Amino acid sequence: MSGRPASLVGAVEAGGTKFVLAVADRRGAILTHARIPTGRPEETLSPMMQFFRAAAQEHGPIAAFGVGTFGPISLDRRAPDWGRFTTTPKPGWGGASLPEALAEFGVPVALDTDVNAAALGEWLTGAGQGAETLAYTTVGTGIGVGVLRGGEPLGGITHYEGGHIRPRRVDGDDFPGVCARHRDCVEGLASGPAIQARWGASLDRLGGFEVDLIARYLAEFATSLVLLHMPERLIFGGGVCKTPGLIPALRRHTERLLKGYVVHPAFDPGLESYIVTPALGDDAGIRGAIELGRRMLR
């Protein structure tokens, strides 16, 4: 290993339920990969490092890492807490740092959110190809959104937290919401845990009324994304969005809420080409993380 130049990219997609790990060559071709469950930091980071040490021994030195992770996390490289989890609800992860865990390799680490990584993966080779501005929303354990312009993730003092926007409540819906901070934000009303708390089952086991109600809340969110960012395309992924009938209902309600106010060729009748599902499926996040790492080599 010591005689080979460092040219490989390590990638981490750190999710709420699992970590996806990969090592790729400079072109982005995956050489090896693994999945480990997301436990507490001490249960997760040690096997992560074991994977990368073994991969480096087998395939060669790692020259950079790309990481897409759940949050909230500090993304300001000027800040003393860069790379550390902040107000995350994941037990034990507050104050933990993925870049710090990877520091033993002594190589650059590119860090972003898991949804920005997924958006980047879809922009490169998936459903976001050709879009100058793209918004990717994942609806699962939580609700997160990543927005790209020209293939670059957007943000402000930290990453976007669109899942905590409060939607307009549907008449007659008195469900209080499950978000620990905001109760009835869109995550508190339409995420997987919210659906389970409301009806005692996942959305794919429920009927048309329940699917339509969740679609109405997601449409409020989609309309906010349109009006704030004017993306050329919206991608909705995550486990909840795999429910049959949800995406067509989401398109219907979003078109209804927009009321023809925004006129552009991107807004096709019925929004079938505007609101789409991921083309890369569950691989979008790790593909984006690899690209983050590849960009550190340029």
Side-chain angles (χ1 to χ4, degrees), residues 115 119 122 127-128 130-140 142-148 154 160-179 182-195 197-199 201-279:
V115 282
E122 291 289 339
E132 177 62 21
T133 304
L134 174 70
Y136 181 105
T137 299
T138 184
V139 186
I143 295 179
V145 62
V147 182
L148 305 184
L154 300 182
Y160 294 149
E161 282 288 358
H164 294 275
I165 291 173
R166 275 193 168 93
R168 178 171 46 185
R169 295 300 298 265
V170 173
D171 290 344
D173 180 21
D174 60 0
F175 179 67
V178 301
C179 175
H182 311 114
R183 302 302 296 175
D184 61 347
C185 58
V186 66
E187 180 172 296
L189 293 171
S191 65
I195 294 164
R198 186 194 284 266
W199 292 301
S202 59
L203 193 61
D204 61 351
R205 300 178 66 86
L206 298 168
F209 166 78
E210 293 88 350
V211 170
D212 191 73
L213 182 64
I214 296 304
R216 291 177 71 173
Y217 284 124
L218 294 179
E220 292 277 351
F221 180 61
T223 302
S224 296
L225 285 177
V226 170
L227 298 177
L228 284 170
H229 293 289
M230 292 295 170
E232 290 180 45
R233 198 164 306 139
L234 301 181
I235 301 176
F236 274 78
V240 172
C241 289
K242 296 176 182 178
T243 302
L246 179 65
I247 295 300
L250 169 59
R251 291 172 179 143
R252 266 194 325 273
H253 286 300
T254 302
E255 190 171 44
R256 173 181 58 82
L257 290 171
L258 288 171
K259 297 183 182 296
Y261 182 69
V262 183
V263 178
H264 188 276
F267 293 84
D268 58 313
L271 304 183
E272 290 189 13
S273 298
Y274 186 71
I275 297 178
V276 299
T277 55

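Quick note: residue numbers are just sequence positions, from 1. Just so you know, these numbers come straight off a predicted model, no measurement behind them.
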_Quick one, Arg168 with Tyr217, criterion side chain to side chain donor-acceptor pair (under 3.5 Å). Give me CA distance, side-chain angles, the key distance, then yes/no._
CA-CA 8 Å; Arg168 178 171 46 185; Tyr217 284 124; over 6 Å; no

_Could you walk me through whether Arg216 and Asp173 satisfy the salt bridge (charged side-chain N to carboxylate O under 4.0 Å, His left out) test, starting with their C-alpha distance in whole Å, then the side-chain angles of each, then the deciding distance to 0.1 Å, before giving a yes or no?_
CA-CA 12 Å; Arg216 291 177 71 173; Asp173 180 21; over 6 Å; no

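No donor-acceptor distance shorter than 3.5 angstrom exists from the side chain of Thr254 to the backbone of Arg251, with no hydrogens or angles considered. With hydrogens and angles disregarded, a donor-acceptor distance shorter than 3.5 Å links the side chain of Glu232 to the backbone of Glu132. Here the side chain of Arg198 pairs no donor or acceptor atom with the backbone of Ala190 at under 3.5 angstrom. Of the possible donor and acceptor atoms, one in the side chain of Glu210 sits under 3.5 Å from a partner among the backbone N and O of Gly207. His229 places no side-chain N or O within 3.5 Å of a backbone atom of Pro231 that could act as its donor or acceptor partner. Judged by distance alone, with hydrogens and angles left aside, the side-chain atoms of Glu187 form no donor-acceptor pair with the main-chain N or O of Gly142 at under 3.5 Å.
For the atom pair CG of Leu250 and CG of Leu234, the computed distance is 8.0 Å after rounding to the nearest 0.5 Å. One finds the CD1 atom of Ile195 at 9.5 Å from the CG atom of Leu213 (value rounded to the nearest 0.5 Å).
The two atoms that bring Leu189 and Pro167 nearest to each other are CD1-CG, 3.8 Å, heavy atoms only.
Residues Ile235 and Val276 meet the side-chain proximity criterion, which asks for heavy atoms closer than 4.5 Å.
By the neighbour-count criterion of 12 heavy atoms within 6.0 Å, atom CZ of Arg205 is sparsely surrounded, having that number or fewer from other residues, nucleotides or ligands.
Classified by interplanar angle (parallel below 30°, tilted 30° to 60°, perpendicular above 60°), the ring pair His182/His164 is perpendicular.
In this structure Glu255 satisfies the side chain to side chain contact (heavy atoms under 4.5 Å, CB included) test together with Leu271, sequence neighbours excluded. Not counting sequence neighbours, Arg252 has no partner by the side-chain hydrogen bond (donor to acceptor under 3.5 Å, both in side chains) test.
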